[in-house]
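Presented below is the structure to which this report refers.
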Amino acid sequence: MVSQQDAISNEPPLQGERFSPINKTKRLSGNRGRTPPTTTSVVPVMATTACFIIVSRNDIPIYEAEVGSAIKKEEAAHQHQFILHAALDIVQDLVWTTSAMFLKAMDRFNDLVVSVYVTAGHILHILMLLHDSRNEDGIKSFFQEVHELYIKILLNPLYLPGSRITSSHFDTKVRALARKYL
Amino acid sequence: MEPDVSIETDCEIRVAVLPIGGPIPPPRLRDYLSMLSGHRRVDLSSVSSFYTEHQKSPFTHQPWDSGSLRFKYVVGGAPPSPWEDFQSCRKTLAVVGLCHCPSSPDLSLVADLFAAACKPYTSALVHRCFAFCPSDSQLDEGKKVDKVILFPPSDRQTQEIHMLTMVQDLAASLLMEFEKWVLRAESAGTILKTPLDSQSSLSSEEVIKAKKRRLGRAQKTIGDYCLLAGSPVDANAHYSTAIELARLTGDVFWHAGALEGSVCALLVDRAGQKDATLEEEVKYRYYTVIQLYRRAYLQDNAQRVSTVSFELEAALKLARYLCRQELAKEVVELLMGAADGAKSLIDASDRLILYVEIARIYGSLGYQRKAAFFSRQVAQLYLQQDNSFAAISALQVLSLTSKAYHVQSRGASQKQDTLSNSLGPSHADGGKMHQQSVVSLFESQWSTLQMVVLREILMSSVRAGDPLAAWSAAARLLRSYYPLITPAGQSGLASSLVNSSERLPAGTRCADPALPFIRLHSFPIHPSQMDIVKRSPAKEEWWAGSAPSGPFIYTPFSKGGSNDSNKQELTWIVGEPVQVLVELANPCGFDLVVESIYLSVHSGNFDAFPVSVNLPPNSAKVILLSGIPTKVGPVLIPGCKVHCFGVITEHLFKDVDNLLLGAAQGLVLSDPFRSCGSGKLKIVSVPNISVVPPLPLLVSHVVGGDGAAILYEGEIRDIAISFTNAGTVPVEQAHISLSGKNQDSVISIARESLRSALPLKPGAEVTLPVTIKAWQLGMMDSDHASSKNSSGVSRISKEGSIPLLVIHYAGPLTYNESPKNGDFVSPGRRLVVPLHVCVLQGLRFVKARLLSMEIPAHVHDSLPNPIFVDDGSAEVVTSPNSVNSLVKIDPYSGSWVFRLLELELSNPTDVVFEVNVSVRMDGTNNGNGVTSIQNYAADFGYPKTRIDCDFSARVLIPLEHFKLPVLDGSFFAKESQTTDGLGSKISNPAERNSKAELNASINNLITKIKVRWQSGRNSSGELNIKDAIQAALQASMMDILLPEPLTFLFTLAKNGIANEGIKSPKELSEQTIVAGDSSIQSASGSNTRFKGSISAHEMTPMEVLIRNNTKEPIQMSLSVTCRDVAGENCIEGSKATVLWAGVLTGIQLEVPPLEEVSHSFSLYFLVPGDYTLMGSAIINSATEMLRARARTDSSEETIFCRGSPFHINVVGAL
């Protein structure tokens, strides 16, 4: 009997699809033949989409921000949140299988990728980012810095953990970080 | 794409099920279909009886004892797929017609119709038409029409057996057909084409290639049929050949198909088994299949026809196969890949199917959010189609998602609610909840998503024409997310609510409440007229010790017998309307018309009265909801029923309480009440309400109007209060008591008249007179009054200062019928009647002064007046000296000191007052030495003083001298101590005791003085001057009350002709003597004077009596002086007009305690006229007490004690 690993090694594209979002796009554009592989480089400055959300226990979003440079449409923003909400299912399973806090590209829908940063409280608070950029390091740094900001919020004795973050300072900082890293 | 695919789909025989003939009633059709669809799997062993082997079967390894045929019934049929050559399972291999005989009488017509219906299904190998419920005539006819199989009318069980037989027959027929087909295909070979091939230009090369491939494809198709025939081993063999051939010819697509078939064959062969190795094998093969399909796509890049759907189907099949929690990660990967493929799908319905399948697999994996996400995608695809059926589908799909997004309708989630309900109220009761549990109440409040989903539900239900669903969605949206919706959007929702309600029948109920928000405001406590008091029948005072109904929130004496003492208890009475205050809020930007709102009572013993309310935008209102309890028992009020926007909904208080709790914690967007400007209110929990049988009800009113009686301070008035029993039960017990402030102003209550009226029958009335004396306005009041004085009348009536008449009453002691409450006693009631009195400032007291006047003592030539003999003090005084003294010795000062209390009164009111002073006397009081001439004055009608408006006047109140009786030895001891104490500030109990006695004697005096006033015809009262008098007396108390240590009295000696009582003003008082009053006294003095007088030029023997008022002996040096009218000393000096015999100066005497010592001398007056005799003494070695009395501090100072002057009138010799 051939094991699954063998099957994968037999079929390199499969492995690529499964583990590398970069390869995936290549595959998508290449395989389907709808978009030539060069399309991404044709547009030099691509409008990025990014939706950042902090989800508290019990799926309560306590902070949400559209931080992408793409033209914001309400419909799209809703769709982003729907995607992030759906990704929670996967996050909650995945979280227990790894010790990493940063779960990169753990879900995707269409061209949008969900990356997640789980705080040390594990499922208590999850920072989620829906993005289409490929800048993994940037995303990671973004998460780390936002996490710091978030901890500062948590230290506020007037802040009830689990309630909405309404601090405008936090908002400004997050948006600044998004511009910097994403 | 095909819906509901799995790996084993490949072995299912597709059967089209078509209704034939006249319309079949839906329940019937469902019934027939359920009978048919029960037979999805037909065992080969059961088929064997219908099977006849015509030729040698190609299915050599058919497992007759363990294998089975599988059917897939497609109701309504399906259009032929272009891919049916590729996968035989896509072919419709049989057609079953269902006919309901009563609606299609002509069976031959049915047969024709069925034949026509079968036409499109070219690949169908077997046709059957089942006719149900035939009539007798049809049964006869049916024998002729053999195309239609009639099911004999019988019970369900028989019919099911019949159906089983029919299906088995169908299966056998199919099996035989398959054999035929396979044999033909093996021998002749068939052209198998897919849409992939059709367009290929038939170049010679292509044709050769196609010929090569044909064999492999035929093998694959034979394999398919083997699989359908339930022979996986045969199938596997054919598939293996096919795979080999396809690989050789590079027929990638068919290679994939054959591989897929082989997996299916493998699974069917290993039916039921699931082991790791099998799973690995399946996984491996399927990944290969997916890869092959993808390559097939690659190969034919230019093709219009996409094979993506096959790739996706394969992925879905594998995902479904693997769908287990442990393999979740792998399944998710597969589904994620499949979802990516959606973009490549050309057909919208393919995408729909894909999303549906993804959602289903996620759902079965337990990923509810993912499932909901894809369901929503499905709904969006449906909504893109512009027809109502699609909208209905969208609505259904969305309502499936509503649970994952936590926006489900309450009607749908009622079952879950019943579980959580038991948890709910206890949370609310607990008051303070743990923060975490507060958070958990607002679980999954991802408002953005919820709003979008609800909006989509609303949109799809409007399109689908489901007004109730639309109403419910709009209601949920409006209620939960109004802060996030613009006012225009809110109005839009409101109008969609109205629009959908127009399409609903009147009186429709919906589980989801819309607006307004309703919270419990309060349960108004019974008005004081209806207070209920628990009755303890054992006690005489049955109301005592009952529930704290007083002004105190917490009474330590009320025993919290029950554990939940924090829970308020409320008692309602059958037949008596009750009221509950609720607060409504409309936080939206439109006018809210609540057609009716009433309390929702689930216990069924309460009639609620509906109210209609109009709430302006952004407003809150407290309204009174009322009702009548109808039956004895507990009442539960979970919320209100509201008829608003055309639909009746129930609003629970609990929900709003939770919402407010969340808002307080910052978990919910906003507090609907706060945003409407209503204040923060603590959460009111619904108390335990119990309904008790009817009780009597007393209603009071004041005869002559319930308005406040306006009284001047001190005014006395009778008020009649009538009580009526307005209940249906007689009053059997009643007790009146007083409470509140100024209780002492109620002088009398005719308790007897109430008691005698008992039992008070329903409707009966009793009148109770009460006498009230208006109390004194307090300092604050009078200040207030004086400030308002300029404006004229000042009326002060403070609600808090009025006395309250409290009546506890109860009906008969009836015991409740219910045995479990055996100790239940119908409670009593309490009626509180405030005695509404408005007290006006009356006469104003300005100041009080004590005036004293001494009327000099004169020598009497006659025996003392009977007045003095009657006088107790005179008796006591005269008894010890035992000489038949003609002159009474005043033990105190030796003269008549006459004191007057002057009261200055002003009249700030606008009426005239007449003041009348009287001093009440009674004989027994004489013993205290408080003597009053005024009793006579009162008797004689003391003149009234009239005080006009805005004037003031002085009223004189005569007081008799009221020194303390010093002759009482024990009292004197105290007295001396007091004197001592006053000087040296020594504090001891005896002193305090005596001080108290002093005060008591003053008070005693004061109480006797009554200053009555009268104003107009019917107001009269008494002036409260107690404090004023006390203040006036207090200052000079020592002088007034304490006697001099020595008193001197001059008398004519026994052998003398005339006695002379001499009076003199005490201590040369500078006080002005009020002539008016003293005139009486002096008149009486002059009367005595004329009776016995002393003549000039006569030797007048005289005595001076020196009395020691202390309890210690006093040594002194006494001297007597005599002065004439001009005040010149007329004994000494050159111009002495009086000669004397005996010693007048420097007489050394020692007076024993409380004794008198007399010293005799004689005087010879040369000139007639008035003379004054005065004794004085220098006390040797004075005691501390005397020093204190004399108010000296230094011990060196000599104490000089001087007696009162005595007048002597010397007449000329006749």
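Order of the sequence lines fixes the chain letters, A, B, ..., with proteins taken first and strands second; residue numbering starts at 1 for each chain. Below, all heavy atoms of this structure are taken into account, side chains as well, without hydrogens, waters or symmetry copies.
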Open item on the list: Please classify the contact between A:Leu94 and chain B as side chain, backbone, both or neither, with a heavy-atom cut-off of under 4.5 Å.
Closed with: side chain
Task: B:Ala372 portion near chain A, given a 4.5 angstrom heavy-atom threshold - done: neither
Task: Pairing residues for B:Arg360 by the salt bridge (charged side-chain N to carboxylate O under 4.0 Å, His left out) criterion, not counting sequence neighbours - done: B:Asp4, B:Glu357
TODO: Please look at B:Arg376 and chain A and tell me whether the side chain, the backbone, both or neither of the residue comes under 4.5 angstrom of a heavy atom of that chain.
DONE: side chain
- [ ] Give me the ring orientation class for B:Tyr355 and A:Phe109: parallel if the planes are under 30° apart, tilted from 30 to 60°, perpendicular past 60°.
- [x] tilted
Task: Closest non-hydrogen atom pair, A:Asp89 against B:Arg369 - done: OD2-N, 2.6 Å
Task: Short N-O contact, B:Lys329 and A:Asp93, less than 4.0 angstrom - done: no
Task: For A:His78 against B:Leu449, the heavy-atom pair lying closest together - done: O-CD2, 4.2 Å
TODO: Identify which part of B:Glu279 has an atom lying under 4.5 Å from any heavy atom of chain A, answering side chain, backbone, both or neither.
DONE: neither
Task: B:Glu260: partners by salt bridge (charged side-chain N to carboxylate O under 4.0 Å, His left out), with sequence neighbours left out - done: B:Lys317
Open item on the list: For A:Gln81 and B:Val452: C-alpha separation, side-chain torsions, deciding distance, then whether side chain to side chain contact (heavy atoms under 4.5 Å, CB included) applies.
Closed with: CA-CA 10 Å; A:Gln81 297 204 10; B:Val452 171; over 6 Å; no
- [ ] Could you tell me the separation between the CG atom of A:Leu84 and the CZ atom of B:Phe373, rounded to the nearest 0.5 Å?
- [x] 9.5 Å
Open item on the list: Would you compute the distance between atom CD1 of A:Ile90 and atom CD of B:Glu333 and round it to the nearest 0.5 angstrom?
Closed with: 8.5 Å
